[in-house]
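Quick notes on the structure that follows.
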Amino acid sequence: MQRAGKGKTPRRPKKPSNIEKDPVGVYCRIRPLSGEDEECCVEMISSSTIQLHAPDGLKANRNGEYKEMQYSFKKVFGIKTTQTELFEDVAKPLIEDLIHCKNGLLFTYGVTGSGKTYTMTGSPGEGGLLPRSLDMLFNSIGPFQAKRYVFKPDDKNGIEIQNQVDALLERQKRDSQASVPKTPSSRQKADPEFADMINPDEACKSESVDEDCCYSVFVSYIEIYNNYVYDLLEDAPFDPIRPKPPQSKILREDQNHNMYVAGCTELEVKSKEEAFEVFWKGQKKRRIANTQLNRESSRSHSVFTVKLAQAPLDADGDYILQDKSQVNVSQLCLVDLAGSERTNRTRAEGSRLREAGNINQSLMTLRTCMEVLRENQMFGTNRMVPYRDSKVTHLFKNYFDGEGKVRMIVCVNPKAEDYEETLLVMRFAEMTQEVEVARPVDRPIYGLVPGRRQRNQAFKDELSRRLEERGGPVNGEDPVLLNQLIESLPPLPPCELSDPSDDQTLPRMIEVLERRHHIRQMITEQFNQTANAMKSMLQQFDSQIHSKETVLFDQRSKLGEKDKVIINQKTEIERLEKKSKTLEYKIDILQKTTEMYEQDKRSLQQELESREQRLQKELAERRRMEQRMQGMVTDTKMKWEKECERRVNAKQLEMQNKLWVKDEKLKQLKAIVTENGGPGSGPTEPPVKPDRPSRERDRHVAQKRSASPTPLSTVPPVRPMHRRSRSAGGEKWVDHKPPTNLDLDTVLQPILPNAIKVSTPNEKALSKCHKYVLRHQELASDGEIETKLIKGNVFKTRGGGQAVQFTDIETLKQECPTAPSRKRRSGSGEGPTDFNENRAPVANASSAQGYQKRRRP
Ligand code: ADP
Ligand code: MG
């Protein structure tokens, strides 16, 4: 058993942080077109989506600016949808909720003529959601209804319980009041005006009614018109002379902060017929504002409220528990909103215009409220929702603030004329779907054992059955039992009085009867005791069962919690498994990458090693080569040194021989001279030993050679008179100095600037120069070293070679100062005599090499 609130409705929740929320359920119903040839601008493309097509006229006007828009809903009901189908899907769950102490709000929204009233109220033969809801409610709670006036509204939006006597008195009063027209009871026939609306083909019923409760239904019907609230069920005394306009009602907040219409009539109804008659009565009173659009349609909002009060039966399942705190009240509001079209479209004038304006104003407020609510919910903002700006929103504030189930049916007329209005309706519907409302929670109550009504009924049935078996409650007792009982009593003595003076029979009789009476009392007492014991046993049993059930319930709820935890953990496990799978995959990839890198590394290392080995080998090879080269160098060096030594020795020997030969020649010459000249002629100097002085001079020369020569200014090897400027100037010389020449430290040295010095003449040098000089040294017969500078001009031959034409020979002599036998002649200033300059005519000659040297003979 669930309970929504204690005597108040709707209940304001305590705002727990983890409340579950459901979006506002928005459904769409498309009504059929009135005429077959009408243009249709709405197409149902699936059970939850519709598509709007801009009508042809509009497309042409706006240059195809209109898009084909699609809108989705919880469900779309097409033109063929029956009222039953709609009821099954939309309203039935709300009635189930109502029976289970949960509040609901159902409203129809749409343009005038779109079928709002048809959907909510229906038409003859096709009852809408309202009569069907009443039908289902009474089908479900019918047998469990409390007697009239047991529940009583307290005028502060709450419901109280009256005691049996007061209720009975009120019932009697009602019956006796002839002036009050009796509402039809369930047994009475419904008004033929609407009879075919409240008797649907299939009876609908809730299967989960708590049978241990007593129920009572109260209905109220209000109209909100021009933002004023009117009670449509109010029984105002009608004054035909001065008819008063209806008084508007105000909205109040009850102690649970729920909104209600203060002083609004709430009528207790016991059947769907009675309930619908009340509605019909109110409906008749509704002020119908006729607009050009639809003469039937109302320009006001109507709210039909079904309130269900329920209270548990006592422990015996016999009477209602007389405890106000145990009364639960839930309510379902069925709202038929006014047309949502804009004012100008109605072309209403005067007071009508004002009506339309206000109607739209309150729908605008509804729209704003939804927008703010949605924004607050989506973005966590805390903007104030302007419920108070209109009566409609103010009245239903608690559904959005508190808890309940809210459903909206958007009615659509697919005709082209309504296209633009329908677009607006769709936008509102789409936005409303995003608003969430706290889901009403089940509130189980403890303390009473379920199934009390059934047990009580079974007990009563069994009792009457037994009584019938015993011959009915009048005779009361079982004859056999009675006989046995009578037999167990002391037998009656004969009570025949034959003698008036018999004073024994009567006293004996009295005594026996007294004994019998005593026995009877004892039996009665015993029976009462047994009955009491039995009763207490039963009560004990009952409470045991109850506690067991409580425990069971506890366990069940715990089990539910555990189940939830398990489900959560399962999803968590699934998530983790997925995560671990992706991680494993990543690890796999990383491992493969690592392997690749390692392979790379290994191959690179191998390459490095092989390269290092190669390098080592090359280094070793180089070292070996170096060693070999060094060995070769030393070998060659030694060989050449030896060779040089050998050559020098040979040369020395040769020179010595030459010297010796010359000496001999000289001696011979001297001897000839001495023989020819006589004693008086020339200086008589002892002949010099050819060997020694020359050798000594040689040694001196060698010594001089070995000493580092001091730079001396030398005299050019030309006579001062002889073209000195030219030879010293621009002409280039080839200075041929054979390697055997000794470096002499004489003052007179030829200076040849720009000369190319060569040891053997070559063609390259000759080609670059114009002049050629050969330094020829030889030992003179007097032991002096004679240096001849043989000069010539270089010219080109026809064959492309070079030829030298010798032109001049200069002779320089040098004497060793240490030689005793020699007069120092050079450097003594006798200059010209020291330098014999002989010039010989030179003939041109070409050699195969391109040059030729000619010496003076
Ligand atoms: P509203 O209340 O939105 O102004 P109504 O419910 O009065 O519109 O509908 C206008 C007309 O259209 C009524 O005559 C009604 O019978 C008809 N109608 C509306 N919806 C349907 C429907 N689904 N099937 C058949 N007729 C419909
Ligand atoms: Mg209507």
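When a ligand or atom number is given, it counts from 1 through the structure's own listing order. All values derive from a computational prediction rather than experimental measurement. These values consider heavy atoms only, across backbone and side chains, with no hydrogens, waters or symmetry-generated copies.
Note on T117: counted as a metal contact of the Mg ion (ligand 2), an N/O/S atom lying under 2.8 Å.
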Could you walk me through whether F279 and F304 satisfy the ring pair (Phe, Tyr, Trp, His ring centres under 6.0 Å) test, starting with their C-alpha distance in whole Å, then the side-chain angles of each, then the deciding distance to 0.1 Å, before giving a yes or no? CA-CA 8 Å; F279 167 75; F304 186 76; 5.2 Å; yes

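If you number the atoms of ligand 1 from 1 as listed, the ones under 4.0 Å from a heavy atom of V111 come out as 3 (O). Counting atoms of ligand 1 from 1 in the listed order, those under 4.0 Å from a heavy atom of P32 are 22 (C), 23 (N), 24 (N), 25 (C). Near T112, meaning under 4.0 Å from one of its heavy atoms, ligand 1 places the atoms 4 (O).
Within the 4.0 Å heavy-atom shell around ligand 1 one finds G113. Heavy-atom distances between G110 and ligand 1 stay at or above 4.0 Å for every pair.
Considering V329, I159, L308 as possible partners of F151, the one that fulfils the side-chain contact (heavy atoms from CB on, under 4.5 Å) test is I159.
When Y109, F77, Y118 are checked for heavy-atom proximity to atom 26 (N) of ligand 1, Y118 turns out nearest. Nearest to atom 11 (C) of ligand 1 by heavy-atom distance, out of E126, R29, R31, is R31.
In summary, the side chains of Q83 and E126 do not present any donor paired with an acceptor at a separation below 3.5 Å, with no hydrogens or angles considered. Checked by atom type, the side-chain pair E96/S206 shows a donor-acceptor distance below 3.5 Å. In this structure, a donor-acceptor pair under 3.5 Å is absent between the side chains of T393 and T365.
Between K116 and ligand 1, at least one pair of N/O atoms sits closer than 3.5 Å. Checked by distance only, ligand 1 and T119 stay at 3.5 Å or farther apart across all their nitrogen or oxygen atoms.
Salt bridge annotation for E207-K205: absent, with no cationic side-chain nitrogen under 4.0 angstrom from a carboxylate oxygen.
Neither the backbone nor the side chain of S123 has any atom closer than 4.0 Å to an atom of ligand 1 (non-hydrogen atoms only). Neither the backbone nor the side chain of S34 comes within 4.0 Å of ligand 1, counting heavy atoms alone.
Considering only residues two or more places apart in sequence or on other chains, Y230 meets the ring pair (Phe, Tyr, Trp, His ring centres under 6.0 Å) condition with none of them.
Among pairs with a residue in residues 108-132, those fulfilling ring-ring contact (aromatic ring centres under 6.0 Å, His included) read Y109-F428, at least two apart in sequence or across chains.
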